[in-house]
Amino acid sequence: MQSTMGRSSSSTISHGVPVVVVCLAALLLSNVLIYLYLDSIYHTDQQLVSSHVGCPPRHFKMATMKNCTPWLQCSQINAEVRKLKLIGQGAVKKVYLAEWKGQKVALSKLSSLEYQDDFLHGLSMLEALQGSQVVQLVGFCLEDNTLVTEHHPHGSLLNLNSVLAQEQHQQHNTWQIRLRLATDYVSILHYLHNSPAGRRVMCDSNSLEKTLSQFLLTNDFHLVVNDVDALPKVDPPRGLLVKCGHRELTGDFVAPEQLWPFRDTGKPFSDNLMPGYDERTDIWKIPDVIWFLMGRVPGGDLVHFHLFQIHEECKKEDPKLRPSALDVLKVYKSVYSSMVRDSAGFRDML
């Protein structure tokens with residue numbers, strides 16, 4: 001009797017062990033698959049926005065095109081680009097939705113000869129900075145003060161919340177997508193601060209709204225910088241600093257060093273006496289931009305918690321104590337990865 005029970009118990013254990021091993025293996029595999037899937041939201045989609053990367057210099061290739069094409073010249077723009085409607089207007093240029101060989105493009109024309117220098121500076125920056133993080137240049141015509149860029153239907157980053165509120169895009173209104181956009185933003189700052197055209201400062205960023213208007217939201221929910229008309233160069237070791245405009249700046253959004261230092265004494269503002277500054281002004285503004293980008297989504301509070309320390313450092317009064325854009329970028333990527341892992345583990349527990 002005892003022998004029979006022993007054999008039965010041994011048989012049960014021998015069959016039970018493989019079942020436990022299989023279950024553990026299945027849980028481990030599901031963990032890995034979920035992690036890879038969520039992580040691909042950031043890494044795989046990032047490749048989609050870079051359709052023109054890999055083209056020779058002075059060439060373009062939009063998402064639906066198979067081959068790279070040389071930048072359009074005056075004759076091609078005049079003959080092949082058809083203006084459809086006005087979609088934007090600023091002091092420097094008017095922007096029209098246009099069409100070229102079935103492709104939607106943005107056609108920009110100089111608004112006034114008074115701003116021709118700004119227009120040409122913006123064009124030179126577009127040429128010099130072409131890459132996955134900058135709006136794609138399709139062509140230009142100096143004779144007509146015209147340039148053509150890739151069109152992004154979602155428009156500027158100002159439209160983010162309204163786009164994500166649309167029924168067909170509500171599935172993208174997650175902390176993952178929003179944190180990815182925040183990472184794109186900081187990555188663009190890092191690129192501009194270390195660009196092929198030198199260290200550049202985003203001067204068209206004196207308010208949250210103005211800052212958001214400098215970026216376009218792509219169809220696959222990434223960011224590209226679009227307005228590069230005001231990107232002065234700095235070189236602090238050589239004493240080359242900038243001032244964003246010739247008027248007094250005010251408000252909490254701009255960095256402390258951008259404020260008139262004698263404002264509390266009643267001394268009138270003087271552009272000649274206003275000290276210059278460098279790219280660390282862009283770092284000061286990061287936390288305010290991220291508050292907008294994260295919105296109000298489940299998991300958003302946890303993102304803010306993880307970013308609290310680096311954002312505190314961004315808001316240091318002394319610009320020399322602030323982190324670089326690369327320092328911030330590393331933290332963002334680390335937070336994204338750790339939260340993806342935690343999400344995968346939580347789903348396994350369910």
Side-chain angles (χ1 to χ4, degrees), residues 46-84 87-88 90 92-111 113 115-153 156 184 187-202 204 214-220 222-233:
Q46 192 168 21
Q47 296 173 358
L48 296 176
V49 75
S50 309
S51 58
H52 63 296
V53 173
C55 285
R58 306 181 70 83
H59 285 65
F60 70 95
K61 181 168 77 74
M62 290 179 278
T64 57
M65 295 172 59
K66 293 183 179 180
N67 301 313
C68 298
T69 300
W71 285 344
L72 304 184
Q73 299 179 0
C74 292
S75 59
Q76 295 167 297
I77 293 174
N78 292 330
E80 301 171 4
V81 176
R82 183 167 61 95
K83 186 164 59 178
L84 299 177
I87 57 174
V92 177
K93 56 184 180 285
K94 296 180 179 179
V95 183
Y96 299 87
L97 175 64
E99 191 174 57
W100 172 78
K101 293 187 176 181
Q103 302 276 351
K104 292 295 189 297
V105 294
L107 175 68
S108 299
K109 289 181 171 290
L110 178 65
S111 293
L113 288 176
Y115 296 103
Q116 187 175 41
D117 289 344
D118 297 283
F119 183 85
L120 294 177
H121 172 73
L123 175 57
S124 68
M125 286 292 95
L126 272 182
E127 291 185 79
L129 299 175
Q130 281 297 285
S132 62
Q133 296 171 310
V134 179
V135 70
Q136 186 171 192
L137 182 61
V138 172
F140 61 90
C141 179
L142 295 178
E143 298 171 11
D144 299 333
N145 291 306
T146 299
L147 65 90
V148 183
T149 54
E150 184 174 8
H151 174 63
H152 294 280
S156 83
D184 283 350
S187 181
I188 289 171
L189 290 184
H190 170 57
Y191 176 66
L192 294 178
H193 295 172
N194 301 271
S195 84
R199 191 180 305 184
R200 298 287 169 166
V201 180
M202 293 200 73
D204 268 348
Q214 308 302 298
F215 299 86
L216 294 176
L217 184 62
T218 68
N219 283 339
D220 56 347
H222 277 282
L223 295 184
V224 290
V225 64
N226 177 53
D227 196 335
V228 292
D229 295 342
L231 291 178
K233 183 178 179 179

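FYI, the numbering just counts along the sequence from 1.
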Side chain to side chain, [X] and [Y], heavy atoms closer than 4.5 Å:
X: W100; Y: L72; answer: yes
X: V201; Y: L231; answer: no
X: W71; Y: Q76; answer: no
X: P153; Y: N219; answer: yes
X: P196; Y: Y191; answer: yes
X: V224; Y: H152; answer: yes
X: M65; Y: Q103; answer: yes
X: K93; Y: F119; answer: yes

Short side-chain to backbone donor-acceptor contact, [X] and [Y], under 3.5 Å:
X: T218; Y: H222; answer: yes
X: D204; Y: A230; answer: no
X: S187; Y: D184; answer: no
X: S108; Y: V95; answer: no

At their closest point, which heavy atom of [X] faces which heavy atom of [Y], and how far apart are they?
X: L129; Y: V134; answer: O-CG2, 3.2 Å
X: H151; Y: K104; answer: CB-O, 3.5 Å
X: V135; Y: Q130; answer: O-NE2, 3.0 Å
X: K109; Y: T146; answer: NZ-OG1, 3.4 Å
X: H193; Y: R200; answer: CD2-O, 3.1 Å
X: I77; Y: C141; answer: CD1-N, 4.0 Å

Taking atom [atom1] of [X] and atom [atom2] of [Y], what is their separation to the nearest 0.5 Å?
X: M202; Y: I188; atom1: CE; atom2: CD1; value: 8.0 Å
X: N226; Y: L217; atom1: CG; atom2: CG; value: 12.0 Å
X: R82; Y: Y96; atom1: CZ; atom2: OH; value: 15.5 Å
X: H59; Y: L137; atom1: NE2; atom2: CG; value: 12.5 Å
X: D144; Y: C74; atom1: CG; atom2: SG; value: 5.5 Å
X: T69; Y: F60; atom1: OG1; atom2: CZ; value: 4.5 Å

Any side-chain donor-acceptor pair under 3.5 Å between [X] and [Y]?
X: N145; Y: Q116; value: yes
X: Q136; Y: T149; value: no
X: H190; Y: N194; value: yes

| query | If you measure from the Lys or Arg side-chain nitrogens to the Asp or Glu carboxylate oxygens, is any gap between R58 and E127 under 4.0 Å? | reply | yes
| Is there a side-chain contact (heavy atoms from CB on, under 4.5 Å) between L107 and L84 once you walk through the steps? | CA-CA 9 Å; L107 175 68; L84 299 177; over 6 Å; no
| said: Does E80 have more than 12 heavy atoms from other residues, nucleotides or ligands lying within 6.0 Å of its CD? | reply: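 Count over threshold, so yes.
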